[in-house]
Number of protein chains: 2
Amino acid sequence: MASSVPAITILDVARVAGVSRQTVTRALNGLPDVSAATRERVVHVARQLNYRPNRAAQGLVRGRDVTVGLVMEDLRNPYYPELASALSRLASEQGWSVILCDIGDDEEKARARLESMVHRVDALVLTGCRTDTVGLLPGDALRGKALGIPIVMLDGSPADQVDAVVEIDYEAGVRAALDHLTGRGRRRIAMIDSSHIASSRRESYRDYLREHGLAWTGRSEVRDDETHEGGVRAAHELLGRYPDADAVLVYNDVMAIGALKGFARAGRAVPDDIAVVGTDGLDIGTLVTPELTSLSIDKTALAQHAVQLVDNILSGRAPAGSRERRRIGLTLVVRESA
Amino acid sequence: MASSVPAITILDVARVAGVSRQTVTRALNGLPDVSAATRERVVHVARQLNYRPNRAAQGLVRGRDVTVGLVMEDLRNPYYPELASALSRLASEQGWSVILCDIGDDEEKARARLESMVHRVDALVLTGCRTDTVGLLPGDALRGKALGIPIVMLDGSPADQVDAVVEIDYEAGVRAALDHLTGRGRRRIAMIDSSHIASSRRESYRDYLREHGLAWTGRSEVRDDETHEGGVRAAHELLGRYPDADAVLVYNDVMAIGALKGFARAGRAVPDDIAVVGTDGLDIGTLVTPELTSLSIDKTALAQHAVQLVDNILSGRAPAGSRERRRIGLTLVVRESA
DNA sequence: ATGAAAGCGCTAACAT
DNA sequence: ATGTTAGCGCTTTCAT
């Protein structure tokens, strides 16, 4: 934040200490060629004045550094920490740093947060954008206006107005999950989906059932919020609508864990009565009982793509307007719930 | 990261576009007083050259902004995202931004990450430092050397060599938890503790039992890693050592959820056979069945203190060397497990 | 051991 | 509508 009162600068310290500013630099940075006495006096004055070196000025001299902003809806949703952790680690290996932007669900606050973050970063990584996050960005951040900063979207679609996307290939993953279920004798497979997002997973699910001659009715699918509570509700609704379902594929792990709870409360045993497969492969899937079988997204791979895409754009390796796309697949992690 | 090849600057764009650098600024920043034709040409050249404005230079002109670094051991441990989310939101309200530093368990990497982060931030917030994180910081970051940057430690002790700490008052919390358990008729109360950290919680637990004439033996206490697996193991060990325990107070929620799993596997019903109280009050406590009763830390309050402490130091409001201390208490959140 | 001068890349103020 | 001059706060030569 720009401060109102002019801050103490190195010149103030120099003046008060009665030395030149280079001497202050030397004293404060532990460089040679300062007498012990002078150094001590300078340090004392600097502390006295509460001097704080201006990072921007230091950075200007030192040379460029890269900072990327990670934008997500709510870090408390357990998907994001896993991604943020991976991104933070990979970024640090490039010498980059990552600024967090937890936009939350209040649109005005989200706009304000994005606005203030945009001019502190060299690129943006967007993830989990159910609301139109791109639309919340200040106008001048977008490529359209003039320059804008590079924006990479994870789990995005090529249609998104950003500079690069990583798409997640649910199709093959859904098939693997359903193969697994049918391989274990499940035939009446339901799906719990998000009520907010038009997921391609549903299409893949329907296609698979049709191709394999498995039962599908409108009552095979239940939709609710992509939250734990949504999952609990969906499980109950499913039990009412499709009582003899013997398996269910769930939109994400958070909902799936909710479903686990819903089934437990209804006295249904998982996986004996009904098998549950989540999506995302979150660590928390191992905390619950039974442990959650899940279609796992490799967050490190996702973060790796994000870093590479940003790097390609910043370095100019990606031709301007190339809108590079990457795809990553899912891996079925079989634990206990299916 | 300092780049090796000199980057494109505004002067390069100006030269190629055949205008002054001021015109480039105007064209690129959407300022008035540029002809449409010139603007278009400048934007074109800038894109062609892959020009990226230098943030440090922009920041130098604009004035000071505050960035704090949040240092933690592993963002995938569910305690940290809750704190990081709160800190990120509160910081943004001050116009500050937060850089993540997920140090991990490799000491060398941790040092490198901290080293590269330190000169990008105005202050450090340390949390959950089981290893001596302060010791991993580059020498010149510490107050001792010369200036150093302000360091605030959360859940720290006044003995830590940092500029300010927020202490967590477990004493009263532990008593509240034990009051709750005894109020529900529990008499044989065990404790699952961390094997790595000397926690004051254990003392409070022992004191309470003694004061209330409740049974305590060496076998009432089990220690293990502060992880989910540690909790699972601890539960089993406890069952062997103290088979008729009817309640257990656990070091943190991650372990407590592990204990829930351990008890479930051993066929013990929670809370009927044994009540479980965790510590931290994490959101994930609501995901498991039964939902976890827990001594909750108010992460927003914690983050609020962090912001205030940093602010006090940066603004000079806190006298130099004042080593300000804050304390926050715990609240028992009663859910299903006890 | 210390100081003076130059310059990092940008924007704001003042010309023209 | 465009260019010129200054200056943000710091570090890095280069003097002395």
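First the proteins, then the strands, lettered A, B, ... as listed; each starts at 1. All values reported here derive from a predicted model rather than from experimental measurement.
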Rounded distance in Å - [atom1] ([X]) to [atom2] ([N]):
{"X": "B/Asp12", "N": "C/dC8", "atom1": "CG", "atom2": "P", "value": "11 Å"}
{"X": "B/Arg64", "N": "D/dC10", "atom1": "CZ", "atom2": "C1'", "value": "11 Å"}
{"X": "A/Arg55", "N": "D/dG9", "atom1": "CZ", "atom2": "C1'", "value": "13 Å"}
{"X": "A/Leu60", "N": "C/dG7", "atom1": "CG", "atom2": "P", "value": "14 Å"}
{"X": "B/Leu31", "N": "C/dC10", "atom1": "CG", "atom2": "P", "value": "15 Å"}
{"X": "A/Arg41", "N": "C/dA1", "atom1": "CZ", "atom2": "P", "value": "15 Å"}
{"X": "B/Arg21", "N": "D/dA1", "atom1": "CZ", "atom2": "P", "value": "22 Å"}
{"X": "B/Asp33", "N": "C/dA12", "atom1": "CG", "atom2": "C1'", "value": "13 Å"}

- Item | Comparing A/Arg39 and A/Ala57 on DNA chain C - which has the more 5′ nearest nucleotide |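 Nearest nucleotide further toward 5': that of A/Arg39.
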- Looking across every strand, which nucleic acid part, if any, lies under 4.0 Å from A/Pro53 by heavy atom: base, sugar-phosphate, or nothing?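 It contacts sugar-phosphate atoms only.
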Any idea which of [options] is nearest the [X] side chain?
{"X": "A/Gln58", "options": "C/dT2, C/dT11, D/dC10", "result": "D/dC10"}
{"X": "B/Ser20", "options": "C/dT2, D/dA1, D/dG3", "result": "D/dG3"}
{"X": "A/Gln22", "options": "D/dT2, C/dA5, D/dC10", "result": "C/dA5"}
{"X": "B/Thr23", "options": "D/dT2, D/dC10, C/dG3", "result": "D/dT2"}

Any side-chain N or O of [X] less than 4.0 Å from the OP1 or OP2 oxygen of [N]?
{"X": "A/Thr38", "N": "C/dT2", "value": "yes"}
{"X": "B/Asn54", "N": "C/dC8", "value": "no"}
{"X": "B/Thr25", "N": "C/dT11", "value": "yes"}
{"X": "B/Ser35", "N": "D/dT2", "value": "yes"}

- Intermediate values then yes/no, side-chain hydrogen bond (donor to acceptor under 3.5 Å, both in side chains), A/Arg52 and A/Asn50: CA-CA 6 Å; A/Arg52 309 281 168 192; A/Asn50 191 38; 2.7 Å; yes
- Message: Which is more 5' along DNA chain D, the nucleotide nearest B/Gly18 or the one nearest A/Val61? Just name the residue.
- Response: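 Closest to the 5' end, via its nearest nucleotide, is B/Gly18.
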- Query: Is B/Arg113 salt-bridged to B/Glu115, cutoff N-O under 4.0 Å?
  - Reply: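 Looking at B/Glu115 together with B/Arg113, the answer is no, because their closest N to O distance does not fall below 4.0 Å.
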- Item | Carboxylate-amine/guanidinium contact B/Arg326 B/Glu167, below 4.0 Å |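 Result for this pair is no, no salt bridge flagged.
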- Query: With a 4.5 Å heavy-atom cut-off, do B/Leu147 and A/Pro53 have their side chains touching?
  - Reply: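 In contact.
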- Side-chain donor/acceptor of A/Arg26 to base of C/dG3, under 3.5 Å: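 Under the 3.5 Å cut-off, the side chain and the base do form a donor-acceptor pair.
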- Query: Considering residues, nucleotides and ligands other than A/Asp106, do more than 12 of their heavy atoms fall under 6.0 Å from its CG?
  - Reply: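 It does: A/Asp106 CG has more than 12 such atoms within range.
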